[in-house]
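Before any comments, here is the structure.
Sequential numbering from 1 along the given sequence is applied to the chain's residues.
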Amino acid sequence: LRHAVIAGLLAAGCRVEDIGVAPTPTVGIAVRHFQASGGIQITASHNPSPWNGLKLFGGDGAVLSAQQGAEVRGIFESGEFRRAKWNELGEVRVPLDPAEIHSMLVCDHVSVALIHSANFRVMLDGNGGAGGPLGVQLLQQFGCAVVEMCCNSDGFFNHEAEPIPAHLVDVAPMVERTGSNIGFALDPDADRLALIDEQGSVAVAAHKKTYDHWLDYHKSLVGQKLFEHMREADDTFVFIGKHAPVPVAPTTGQLRAAAEHRGRRGIQGIAQIDEISIIGHAVQIGVQAHARQNAAVVSESETVPIAIQ
């Protein structure tokens with residue numbers, strides 16, 4: 001498929017930036033960084049390994065909407081698209097690794113020093129997909145001890161691809177067994193993320209089609225008052241969990257719906273709220289929660305002197 005895609009783009013006179021194996025969020029960042037007209041990713045997302053397909057991005061780095069996708073399909077089926085002359089064929093270039101750019105952008109949005117000071121142990125399940133190497137790299141930059149599970153992007157899935165509780169029955173308990181403070185499970189192209197607390201409980205995004213439904217779902221989980229308090233702190237994801245806040249990341253579609261619904265901050269404005277960046281935010285939140293819990297324990301253990309007369 002890779003060769004077929006490149007050949008088709010060259011035949012249309014395009015200049016191709018071949019970034020190799022990369023997670024979906026990184027592709028979006030690469031499109032914007034290289035000021036490309038669009039992007040094509042070869043992936044079947046969270047579908048079973050025998051499947052494959054093409055994911056199309058617009059010039060804003062966002063995956064095309066259903067309407068835009070239908071327009072592209074219409075152009076293809078009509079056969080009315082550019083065919084370059086022999087002396088106008090495109091060219092292929094291998095640029096600098098956009099994963100480095102992605103990692104730097106994430107680090108700019110969190111306190112690396114704060115995370116580094118906590119010496120957290122983090123379990124990451126890459127499930128043989130494209131997000132494993134970048135996730136490991138990012139966590140190591142944070143100074144975390146990383147427990148890696150299938151973090152080589154070899155395309156061999158250790159379990160069903162979609163990171164939902166039913167598919168993580170063997171993965172989730174490893175967080176507690178390895179003494180990790182938090183765990184993450186990515187889908188193969190790293191545009192879906194499950195978070196696992198220190199006791200092995202899995203939190204995943206609600207698969208709702210609209211932002212309003214997403215809000216209602218999480219209000220029912222954590223309660224209106226607590227939800228609004230957490231939303232004030234960060235309105236891009238919310239937290240659930242018995243002992244420490246566990247971020248629950250919205251899907252890419254929910255982010256798009258949120259931007260359209262609220263009429264502010266387009267896709268570019270929320271570009272850094274992706275599954276890879278949420279790993280960074282989640283670890284930082286975990287560090288802050290851990291610090292608050294320790295402070296509370298110290299406060300409760302303090303003795304009050306009593307003067308006896």
Side-chain angles (χ1 to χ4, degrees), residues 1-6 18-30 39-57 63 94 97-103 106 121-142 144-178 180 182-197 200 202-205 207 249 251-252 274-280 282-283:
L1 278 179
R2 173 177 171 272
H3 292 294
V5 169
I6 291 177
D18 185 1
I19 64 173
V21 177
T24 291
T26 305
V27 176
I29 289 171
I40 300 178
Q41 183 183 23
I42 301 171
T43 176
S45 189
H46 58 281
N47 289 293
S49 52
W51 292 81
N52 220 334
L54 303 179
K55 183 176 289 188
L56 307 180
F57 295 74
V63 177
V94 178
D97 187 359
E100 297 292 336
I101 301 167
H102 194 169
S103 180
V106 174
R121 179 184 295 272
V122 179
M123 190 210 76
L124 177 64
D125 172 31
N127 201 22
L134 178 56
V136 171
Q137 174 188 326
L138 185 66
L139 290 168
Q140 289 176 341
Q141 286 180 298
F142 291 160
C144 298
V146 186
V147 178
E148 300 180 32
M149 294 188 65
C150 303
C151 287
N152 293 323
S153 54
D154 54 17
F156 292 96
F157 303 162
N158 193 44
H159 54 78
E160 291 296 323
E162 188 172 8
I164 58 176
H167 298 162
L168 300 176
V169 291
D170 295 325
V171 174
M174 294 302 296
V175 176
E176 185 174 17
R177 291 174 189 170
T178 58
S180 298
I182 191 171
F184 300 96
L186 289 161
D187 82 329
D189 66 324
D191 69 350
R192 295 193 179 206
L193 177 70
L195 295 97
I196 309 167
D197 70 17
V202 181
V204 295
H207 296 291
T251 64
T252 302
D274 59 58
E275 283 67 18
I276 299 298
S277 70
I278 288 172
I279 290 177
V283 174

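Minimum interatomic distance between Gly183 and Val175 (heavy atoms only, all atoms of both residues): CA-CG2, 3.8 Å. Closest of all the heavy-atom pairs between Pro133 and Ser153 is CG-OG, 3.9 Å. The shortest non-hydrogen separation linking Ile276 to Leu138 is O-CD2, 3.6 Å. Listed here is the closest heavy atom pair of Pro23 and Ala130: CG-O, 3.5 Å. Contact detail for Pro163 and Ala194: the closest heavy-atom pair is O-CB, 3.4 Å. Of all the heavy atoms in Pro25 and His102, the pair that sits closest is CB-CE1, 3.6 Å.
In terms of the side chain to side chain contact (heavy atoms under 4.5 Å, CB included) criterion, residue partners of Ile42 (sequence neighbours excluded) are, by chain and number, Leu1, Arg2, Val5, Asn52, Leu54. By the side chain to side chain contact (heavy atoms under 4.5 Å, CB included) test, Val136 pairs with Leu124, Gln140, Val146, Glu148, Cys151, sequence neighbours left out. For Val122, the side chain to side chain contact (heavy atoms under 4.5 Å, CB included) partners at least two apart in sequence or on another chain are Phe120, Leu139, Cys144, Ile182, Phe184, Val283. For the side chain to side chain contact (heavy atoms under 4.5 Å, CB included) test, residues two or more places apart in sequence or in another chain that qualify with Phe157 are Ser49, Asn127, Ala161, Pro188. In this structure, Asp154 has no salt bridge (charged side-chain N to carboxylate O under 4.0 Å, His left out) partners at least two apart in sequence or on a different chain.
Lys55 places none of its side-chain heavy atoms less than 4.5 Å from the side chain of Ile40. Contact of the Val27 side chain with the Ile19 side chain is registered, since non-hydrogen atoms from C-beta on lie closer than 4.5 Å.
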Run the side-chain donor-acceptor check on residues 167-174: report pairs under 3.5 Å with partners two or more places apart or on a different chain.
{"from": "His167", "atom 1": "ND1", "to": "Glu162", "atom 2": "O", "distance (Å)": "2.7"}

Problem set entry | Steps toward side-chain contact (heavy atoms from CB on, under 4.5 Å) verdict (Gln137, Glu100) | CA-CA 9 Å; Gln137 174 188 326; Glu100 297 292 336; 3.6 Å; yes
Exercise. Between Asp189 and Asp187, is a side-chain contact (heavy atoms from CB on, under 4.5 Å) present by the stated rule, with each step listed?
Worked result: CA-CA 6 Å; Asp189 66 324; Asp187 82 329; 2.9 Å; yes
Exercise. Where do Asp125 and His159 land on the side-chain hydrogen bond (donor to acceptor under 3.5 Å, both in side chains) test, with the steps shown first?
Worked result: CA-CA 10 Å; Asp125 172 31; His159 54 78; 2.6 Å; yes
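In this structure, CG on Asp191 lies 9.5 Å from CG on Leu186, to the nearest 0.5 angstrom.
A donor-acceptor pair under 3.5 Å is absent between the side-chain atoms of Ser45 and the main chain of Asn47, judged by distance alone.
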